[in-house]
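I have placed the structure first, in the form of structure tokens, so that the comments after it can refer back to it.
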There are 2 protein chains.
Amino acid sequence: MSKSRTPSIKMVADRAGVSVATVSNVLNGKPTVSPDFARRVNDAVRELGYVVDLGASRLRSRKTQLVGVVVPDLTNPMFASFVSTLEHLARLDDYDLVVVSARNDTEEEADRLRKIRAWRPAGLIVIPCDGAFAERLPTGFFAPVVLADRIPDAAGFDLIAVDNGPAAGAIAAHLDGRGYRDCLIVGSSLSISNVRERWEGVQAAARRMHVEMLEIGIDDANGAQRLEERLRCRPLPGALFSLDHGTTLLTYRAMAEIGLSVPGDLAFASFDDMEWMQLVAPGITAVRQPIEEMAEQAWALLLRRMTGSAGKPVTRRLRCAIEIRGSTLRSPLEEAGNTKLGGEKWKLQDEPYSPE
Amino acid sequence: MSKSRTPSIKMVADRAGVSVATVSNVLNGKPTVSPDFARRVNDAVRELGYVVDLGASRLRSRKTQLVGVVVPDLTNPMFASFVSTLEHLARLDDYDLVVVSARNDTEEEADRLRKIRAWRPAGLIVIPCDGAFAERLPTGFFAPVVLADRIPDAAGFDLIAVDNGPAAGAIAAHLDGRGYRDCLIVGSSLSISNVRERWEGVQAAARRMHVEMLEIGIDDANGAQRLEERLRCRPLPGALFSLDHGTTLLTYRAMAEIGLSVPGDLAFASFDDMEWMQLVAPGITAVRQPIEEMAEQAWALLLRRMTGSAGKPVTRRLRCAIEIRGSTLRSPLEEAGNTKLGGEKWKLQDEPYSPE
DNA sequence: AGCTTACAATAAAACGTTTCACCAGAATTT
DNA sequence: AAATTCTGGTGAAACGTTTTATTGTAAGCT
């Protein structure tokens with residue numbers, strides 16, 4: 001007799017011998033309900049294994065605890081960690097997340113945004129593929145949007161990012177101070193704002209050191225080719241600074257393949273600190289981004305908007321930390337003091353990035 | 001005058017001068033609609049930027065293109081990659097994913113499952129925290145469920161996993177064949193099925209080699225402590241084989257901290273091949289799991305069930321590949337042939353895991 | 001011309017909720 | 001005791017869709 005279907009509020013009401021309105025009141029903690037009725041309802045809920053239908057609930061109440069998250073690539077550990085933190089925070093505030101990856105493709109990003117809109121989320125957190133994000137946001141989207149990590153061309157969004165320029169500048173200053181005279185800067189694409197900011201930071205900070213930029217694209221075999229050619233070409237630059245995660249992986253592998261030793265043949269530093277960078281010998285000097293903090297701030301920002309706070313869009317920049325390791329310490333003498341894992345650590349505070 | 005709200009199908013109907021039913025018919029590609037009306041509707045849709053409300057749509061049509069995905073930890077690159085692949089495949093079939101991470105906590109997993117149920121998904125793909133998953137599945141959940149990677153205690157689920165035992169056995173056989181006589185096996189917890197299977201595989205394959213198991217838990221400082229103590233204790237085992245990703249990271253770091261050299265002081269191998277394992281020198285011998293293929297199979301399995309195929313639950317095992325690298329090649333002579341990245345590679349086919 | 005068939009479009013019901021207006025009875029005030 | 005205010009509960013409308021049944025009209029048959 002029991003219809004084998006997921007139980008509805010009506011079935012709960014029937015079983016408890018009350019009206020559906022009462023069930024709804026109990027479930028939503030409305031105060032005007034007697035303890036006796038509440039118990040009967042709760043019993044029925046438990047016996048039936050009833051769980052509210054959020055779709056129907058949202059439809060009627062016009063309020064939803066759902067936020068969309070769009071990242072360029074979920075397999076990038078930075079973004080994965082960002083999403084994971086976000087998800088935890090959302091849960092604490094009783095929100096759900098629908099997460100999508102744009103796979104580094106602006107078309108796909110636009111498509112995903114449209115799709116996410118169909119769920120009528122209460123808000124959106126996006127790490128955009130590129131600066132032209134605003135054009136891809138569907139027209140007539142009224143929920144608040146917080147952007148993270150990358151800066152859009154158009155203003156008007158809440159924004160949370162790191163201080164790419166100064167942090168990259170600190171690495172440049174470090175290399176400069178070590179006496180390196182030529183530095184090859186490698187990055188995926190200057191069309192990505194943080195790569196661009198890092199490159200500008202390097203240029204601003206390099207004093208006696210000559211710097212030169214090489215763009216190798218995202219997943220671009222051609223770019224990888226060009227990088228290899230450059231690395232086989234003499235004279236080598238004294239140092240190499242890679243501006244993003246994908247590029248670092250590619251560059252480091254290429255160097256090993258060619259047989260270049262770090263820092264013997266050239267020094268090496270990376271923007272983005274990955275776990276393996278302190279496992280290789282020598283460890284790799286890197287900029288560590290406060291990715292969890294970025295997620296926290298993004299969530300805080302969005303939550304504020306979702307709960308109705310108006311006001312001008314805000315922009316926040318977070319401080320990065322610099323991890324100096326063996327890969328940029330040329331002489332054996334210098335290196336000796338830094339064989340321990342972790343290496344020297346600069347936590348940049350009030351007087352950041354001052355050359356040593 | 002225009003109500004600044006997200007447009008509904010009614011507004012589209014009004015603007016196009018037709019009924020809402022007609023709009024719905026056009027949008028869902030029903031054949032019985034004249035080209036003229038279709039054009040008018042499409043125009044109105046475009047002008048208003050209308051996007052269907054999936055919640056309302058599902059509510060009425062009782063069919064949803066939503067599937068839930070639950071993984072133990074999104075920051076684990078294996079799982080991140082699993083999710084990313086899944087998301088891509090789902091998109092191709094026009095499904096949406098709601099992804100949640102259980103953060104290695106069975107309580108949280110149960111909670112997330114209940115929450116996901118409130119969205120009325122058409123199906124579920126789960127990498128369970130532990131074997132007792134079935135108990136945490138909400139009662140009265142009728143959508144098909146596919147489990148991946150880890151084996152539940154209770155039967156009755158479609159299941160896709162890798163051949164943990166034979167693959168781990170292959171590593172053990174390799175070490176045995178190299179002449180190592182003592183091997184310390186380190187893993188997070190035998191309560192996780194694949195760790196258990198790997199340990200059993202090692203025991204079955206070790207012939208002359210003596211093996212010993214050490215469980216260090218998940219995020220357990222105490223376990224890490226015990227591991228360190230063992231590594232400071234003489235005599236060292238000839239080899240160390242770490243059975244999962246987290247443990248490998250912890251172990252490798254501990255060895256470096258203590259100052260043990262690989263493979264000089266002891267050989268080292270890992271279950272789970274991470275990108276950095278071919279970047280360190282020497283490279284680390286590892287079992288590589290076909291994680292994308294696992295996602296593909298999981299999706300195929302679920303899709304079959306969602307489109308109505310009945311029948312007994314199926315279990316599928318995928319083959320792992322073994323990457324032999326410098327970390328298990330003791331003599332300099334042997335090592336010489338393997339300094340290149342990538343090392344020796346066993347793609348295990350018909351005659352898998354036979355000791356060399 | 002009359003009668004059926006086919007077609008295109010619509011009105012209205014339904015999906016599972018929440019909310020609003022309302023109601024009966026009890027408790028309080030006058 | 002009558003009038004008022006609470007109190008705890010309910011019926012019914014509404015949310016934005018899809019679907020079913022129905023209508024009106026045009027076309028095809030004798």
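All values below were derived from every heavy atom in this structure, side-chain atoms included, with hydrogens, water molecules and symmetry-related copies excluded. Convention: sequence-line order gives letters A, B, ...; per-chain numbering from 1.
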**OP:** Report the distance from atom CZ of B:Arg58 to atom P of D:dT19, rounded to the nearest whole Å.
**Re:** 14 Å
**OP:** Mind checking A:Ser24 for me? I need base, sugar-phosphate or nothing, with any heavy atom below 4.0 Å counting as a touch.
**Re:** base
Original post:
Quick one: is D:dT19 close enough that its OP1 or OP2 comes under 4.0 Å of any side-chain N or O from B:Lys63?
Top reply: yes
**OP:** Indicate yes or no for a side-chain donor-acceptor contact from A:Arg305 to the backbone of A:Ser309 under 3.5 Å, with no hydrogens or angles considered.
**Re:** yes
Original post:
Rounded to whole angstroms, how far apart are CD1 on A:Ile9 and P on C:dT19?
Top reply: 11 Å
Original post:
Nucleotide by nucleotide, 5' to 3', does protein get under 4.0 Å of the base (B), only the sugar-phosphate (S), or neither (-) in nucleotides 6-15 of chain D, counting heavy atoms?
Top reply: --SSBB-BBB
**OP:** Just jot down the salt bridge (Lys or Arg N to Asp or Glu O under 4.0 Å) partners of B:Lys63, sequence neighbours excluded, or say none.
**Re:** none
Original post:
Between A:Lys30 and C:dT19, does any side-chain N or O lie under 4.0 Å from OP1 or OP2?
Top reply: yes
Original post:
Of all residues at least two apart in sequence or in a different chain, which pass the ring pair (Phe, Tyr, Trp, His ring centres under 6.0 Å) check with A:Phe133?
Top reply: A:Phe157
**OP:** Would you please confirm or rule out a distance under 4.0 Å between OP1 or OP2 of C:dT17 and any side-chain N or O of B:Arg120?
**Re:** yes
Original post:
What distance do B:Leu92 atom CG and B:Glu87 atom CD have between them, rounded to the nearest 0.5 Å?
Top reply: 10.5 Å
**OP:** Using atom CG of A:Asp53 as one end and atom P of C:dA14 as the other, report the distance to the nearest whole Å.
**Re:** 18 Å
**OP:** Supply the atom-to-atom distance B:Arg103 CZ to B:Asp73 CG, rounded to the nearest 0.5 angstrom.
**Re:** 8.0 Å
**OP:** Provide, to the nearest angstrom, the distance between the CH2 atom belonging to A:Trp119 and the C1' atom belonging to D:dT17.
**Re:** 13 Å
Original post:
Are B:Arg91 and A:Asp111 close enough for a salt bridge, meaning some N to O gap below 4.0 Å?
Top reply: yes
